[in-house]
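The next block holds one structure in the form of structure tokens; read it before the comments.
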Amino acid sequence: MRPPNFIEQIIEADNASGKWGAWTAADAPSPDAVGKPRVHTRFPPEPNGYLHIGHAKSICLNSGLAKKYGGKFNLRFDDTNPSKEEQEYVDSIKADIKWLGADWDGPNGGGLFFASDYFEQMYGFAVDLIRKGKAYVCQLSADEVSKRRGTPSQPATSPHRDRPIEESLKLFLEMREGKHPNGAMSLRAKIDLASPNFNLRDPVMYRILHEHHHNTGDKWCIYPMYDWAHGIEDSLEQITHSICTLEFEDHRPLYDWFIDALGAPALRAGSGPADANNKVWHSQQIEFAKGRPTYTLLSKRNLLKMVSDKVVSGWDDPRMPTVAGLRRRGYPPEAIRAAWDEIGVTKVESWIDIGRIENAVRDHLNKVAPRYMAVLRPLKVIIENLPEGQVEWLDCVNNPEDPAAGSRKVPFSRELFIEREDFMEVPAKKFFRLALPPTGQEVRLRWAFFIKCVGVDKDPAGNITAVRCTYDPATRGGDAPDGRKVKGTLHWVSATHALPAEVRLFDRLFKVEQPGAATENFMDDFNPHSLEVVTAMLEPALASARVGDRVQFERNGYFCLDRDSTPGKPVWNRTVTLKDSWAKAQ
RNA sequence: AGGGGAUUGGUGUAACGGUAGCACGAGUGACUCUGACUCACUUAGUCUAGGUUCGAAUCCUAGAUCCCCUGCCA
């Protein structure tokens, strides 16, 4: 068991002290959770883009915590800015999260929410704050607010700060009623114009935006800002631990200020549930560091540029670090979850070796992916002592790691394909595969027969067109009755039964670990060879594969049937290669 | 400049005043009907300088380096 991370330590301390109270029969995630300490997390995406592997960290963290501590996990769309948000993103985010296995409506699900569902309550809370003298309507333009922001040593200013409460109330109502154009005024919290933390210099709570909202339509023309809205959303959903990334650390005083301003004066950060003394549920904001995978870009701007410049085929291009891309590439959600769990959660900003994530993919697929034989770069082999037309159907083990996976029949005939790189006329040192005599040794064709090379055919240009071999019928199944051993085992496909297929071999999108670090322009580091397309020969059993199926092509890697496949024209994506110590040694 | 954070092998992490450990990577070997998987061994670390202490990654002082903050974005 890995040791608890710092967030888990906080939760365990809270559970021990009873800070958040216990689940009641009315709201427990399950009957046996009643009376147990509350742990309630959420993932609050803004629906303005596609989810990527970095978001997956937060999703796994938050939903994993709910599961681990028998609590609840909410999916909540933080849809407070209609000018950037669209229904399309709501749908894709839901699909991605579901696929990742974060159960907002499963056993530890707390439900699906929208910040926009709280707009009316937020408005009421804002009026409360104005009445308490803690917020005011400011008629400075955005530009002027910015100019008057001050410096670390000079406080900000606003001429409207001491406006009478009644006047702010009236103007705020007019804002809501649409009597003023965008930017004419805003509602600001009255906090501290001289604070060294600029977030506290009377931050804007509401701005005027005459825009259509994907959820509330045209009901509103004022929209709450993140800092004002987020704590309320957490509070209304009785979130216990509000987990966000490091850049919100200096927003925490503001998060706490707003909740305190609404509740009892004695509230402190993470003070817990509402009770007689606490009018407002005060969630605890906790910040953790994002993880940046090497050879990868995650910023929305940069991903968008790759999509619009068409250097990738779209947001779900299998080379993209988006959840949709990874899914299409064949990454199993279990592997993504395992990878982030192994990597851990801290406040240290770090680079994540992309190889770790790939390893997690191999690790999972090794256990579950059925094996097949497919030749990526075919070289013809002719078995001279096997008569034309004769077909041997051989039993092949589907998954040596999983006896329950059973076996299948694979045809063996006079003409076969093997991998080009599995043959050398003159074998290199420690090359255990097929080679010309006298140095060439006997090799095994997997689950089939031992074969020996007896010659090669070449075209006039000297290119090898076929390798001539003989087989030993006594080695049927792949073992010699006399006990002799071979050093190499090759995968193969019967040429007459082979299924041609397009196979897309992906490599990293960038040539360097930290794209853009050297020249500011990340496209300087773009890897022009990140996609290679080959026509491979597959064993016939693969004909029944369905889109999304994940299999191992023996000795080649893990592959996933792409949605571009059409009947008779399959397209396979290489998810990840197998480790290859032979290639590495070369 | 001011404010908020961070710093342990190549990478990611653990330690909560008491033996610096784990995982990944890398290297070597064993095994093998996938040069995969698995197994064994090896490799390498507390940002710096002082101080407190029997004892410091941990506490104190000073410094260094890196990240974030002056949107009516989230």
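All values derive from a computational prediction rather than experimental measurement. Chain A is the first sequence line, chain B the second, and so forth, proteins listed ahead of strands; every chain is numbered from 1.
Residue A/K579 places at least one side-chain N or O closer than 4.0 Å to OP1 or OP2 of B/G25. The shortest distance between the side-chain N/O atoms of A/K430 and the OP1/OP2 oxygens of B/G35 is not below 4.0 Å. The side chain of A/S146 contributes no N or O atom lying less than 4.0 Å from OP1 or OP2 of B/U70. Listed pair A/R444 / B/U34 fails the phosphate criterion, with no side-chain N or O lying under 4.0 Å from OP1 or OP2. Within the 4.0 Å cut-off from OP1 or OP2 of B/A74, at least one side-chain nitrogen or oxygen of A/T80 is found. Side-chain nitrogen and oxygen atoms of A/R555 include at least one within less than 4.0 Å of the OP1 or OP2 phosphate oxygen of B/G35. A close approach under 4.0 Å does not occur between any side-chain nitrogen or oxygen of A/R433 and OP1 or OP2 of B/U34. Distances shorter than 4.0 Å separate none of the side-chain N or O atoms of A/T151 from OP1 or OP2 on B/A1. Put simply, A/K584 has a side-chain N or O that comes within less than 4.0 Å of OP1 or OP2 on B/A26. The side chain of A/T489 places no N or O atom within less than 4.0 Å of a non-bridging phosphate oxygen (OP1 or OP2) of B/U34. Contact check, A/R201 against B/C72: no side-chain N or O comes under 4.0 Å of OP1 or OP2. In this structure, A/S350 reaches the B/U13 phosphate: one of its side-chain N or O atoms is under 4.0 Å from OP1 or OP2.
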For a side chain to side chain donor-acceptor pair (under 3.5 Å) check, start with the C-alpha distance between A/K300 and A/N48, then their side-chain angles and the critical distance, and finish with the verdict. CA-CA 10 Å; A/K300 196 177 304 169; A/N48 71 343; 2.9 Å; yes
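For B/C60 and B/C24, the P atoms lie 35 Å apart once the distance is rounded to whole Å. Spacing of C1' atoms, B/U43 relative to B/U11, comes out at 14 Å, to the nearest Å. A distance of about 23 Å separates the P atoms of B/G63 and B/A57, rounded to the whole Å. Taking atom P in both B/U46 and B/U61, one finds a spacing of 24 Å when rounded to whole Å. Rounded to a whole angstrom, the distance from the P atom of B/U7 to that of B/U34 is 45 Å. Across the C1' atoms, B/U52 and B/G17 are found 11 Å apart, a figure rounded to whole Å. The gap from the C1' atom of B/A20 to that of B/G3 amounts to 35 Å, rounded to the nearest Å. Remark: the separation of the C1' atoms in B/G10 and B/U42 is 16 Å, to the nearest Å.
The partner of B/G10, taking Watson-Crick or G-U wobble pairs whose two distances both stay under 3.5 Å, is B/C24. The partner of B/G55 is absent, by the rule that a Watson-Crick or G-U pair needs both atom distances under 3.5 Å. Under the Watson-Crick or G-U wobble criterion, with both distances below 3.5 Å, B/U34 has no partner in any strand shown. Remark: B/C72 base-pairs with no nucleotide; criterion is Watson-Crick or G-U wobble with both hydrogen-bond distances under 3.5 Å. A 3.5 Å limit on both hydrogen-bonding distances identifies B/A49 as the Watson-Crick or G-U partner of B/U61. If you check B/C66 for Watson-Crick or wobble pairing at under 3.5 angstrom, you find it paired to B/G5.
Syn is the classification of B/G71, since its glycosidic angle stays within 90° of 0.
Listed candidates were B/C72, B/G5, B/A74. Nearest to the side chain of A/F248 is B/A74. Set against B/U13, B/C73, B/C67, the side chain of A/V348 has B/U13 as its closest nucleotide. The nucleotide whose nearest atom lies closest to any side-chain atom of A/E349 is, among B/C69, B/C67, B/G35, B/C67. Taking every side-chain heavy atom of A/E401 into account, B/C37 is the closest of B/C72, B/G35, B/C37. The side chain of A/N359 sits closest to B/C24 out of B/A74, B/C24, B/G2.
Once the 5.5 Å centre distance and the 30° plane angle are applied, the aromatic ring of A/Y226 is found not to be stacked with the base of B/A74. Where stacking is scored as ring centres under 5.5 Å apart with planes under 30°, A/F432 registers as stacked on the base of B/G35.
In this structure, A/G150 and A/K485 both approach RNA chain B, and ranking their closest nucleotides by distance from the 5' end singles out A/K485. RNA chain B is contacted by both A/L445 and A/P196; A/P196 maps to the nucleotide lying nearer its 5′ end (nearest heavy atom per residue).
Side chains of A/R207 and A/S186: no donor on one and acceptor on the other come within 3.5 Å.
Rounded to an integer number of Å, the gap from CG of A/L578 to P of B/C37 is 7 Å. To the nearest angstrom, P of B/G71 lies 9 Å from CZ of A/F198. Summarising the geometry, the separation between CG on A/D341 and P on B/G12 is reported as 17 Å, rounded to the nearest angstrom. For the pair A/W257 CH2 and B/G3 C1', the computed distance is 19 Å after rounding to whole Å. Atom CD in A/E554 sits roughly 14 Å away from atom P in B/C37 (whole-Å rounding). Whole-Å rounding puts the A/W351 CH2 to B/G10 P distance at 18 Å. Rounded to whole angstrom, the span from the CG atom of A/N366 across to the C1' atom of B/U32 amounts to 14 Å.
Formation of a donor-acceptor pair under 3.5 Å by the A/Q285 side chain with backbone atoms of A/F248 is found in this model.
Between the base of B/C16 and the side chain of A/Q9 there is a donor-acceptor pair shorter than 3.5 Å. Under 3.5 Å, the side chain of A/H251 and the base of B/A74 form at least one donor-acceptor pair of N or O atoms. Under 3.5 Å, the side chain of A/D250 and the base of B/G3 form at least one donor-acceptor pair of N or O atoms. With hydrogens and angles ignored, no donor-acceptor pair closer than 3.5 Å exists between the side chain of A/E342 and the base of B/U13.
For A/Y89 and A/Y50, the ring centers are positioned less than 6.0 Å apart.
Aromatic ring orientation, A/F119 versus A/H213: perpendicular (interplanar angle above 60°, classes split at 30° and 60°). Using the six-membered ring where Trp is involved, A/W220 and A/Y123 have ring planes that are tilted, between 30° and 60° apart.
Under a cut-off of 6.0 angstrom, the local environment of NZ in A/K305 is sparse, with at most 12 non-hydrogen atoms contributed by other residues, nucleotides or ligands.
Here the options are A/R149, A/R148, A/R161, the test is side chain to side chain contact (heavy atoms under 4.5 Å, CB included), and the partner is A/D202; only A/R161 passes.
A salt bridge is absent between A/D395 and A/R408; no separation between the charged side-chain nitrogens and carboxylate oxygens falls under 4.0 Å.
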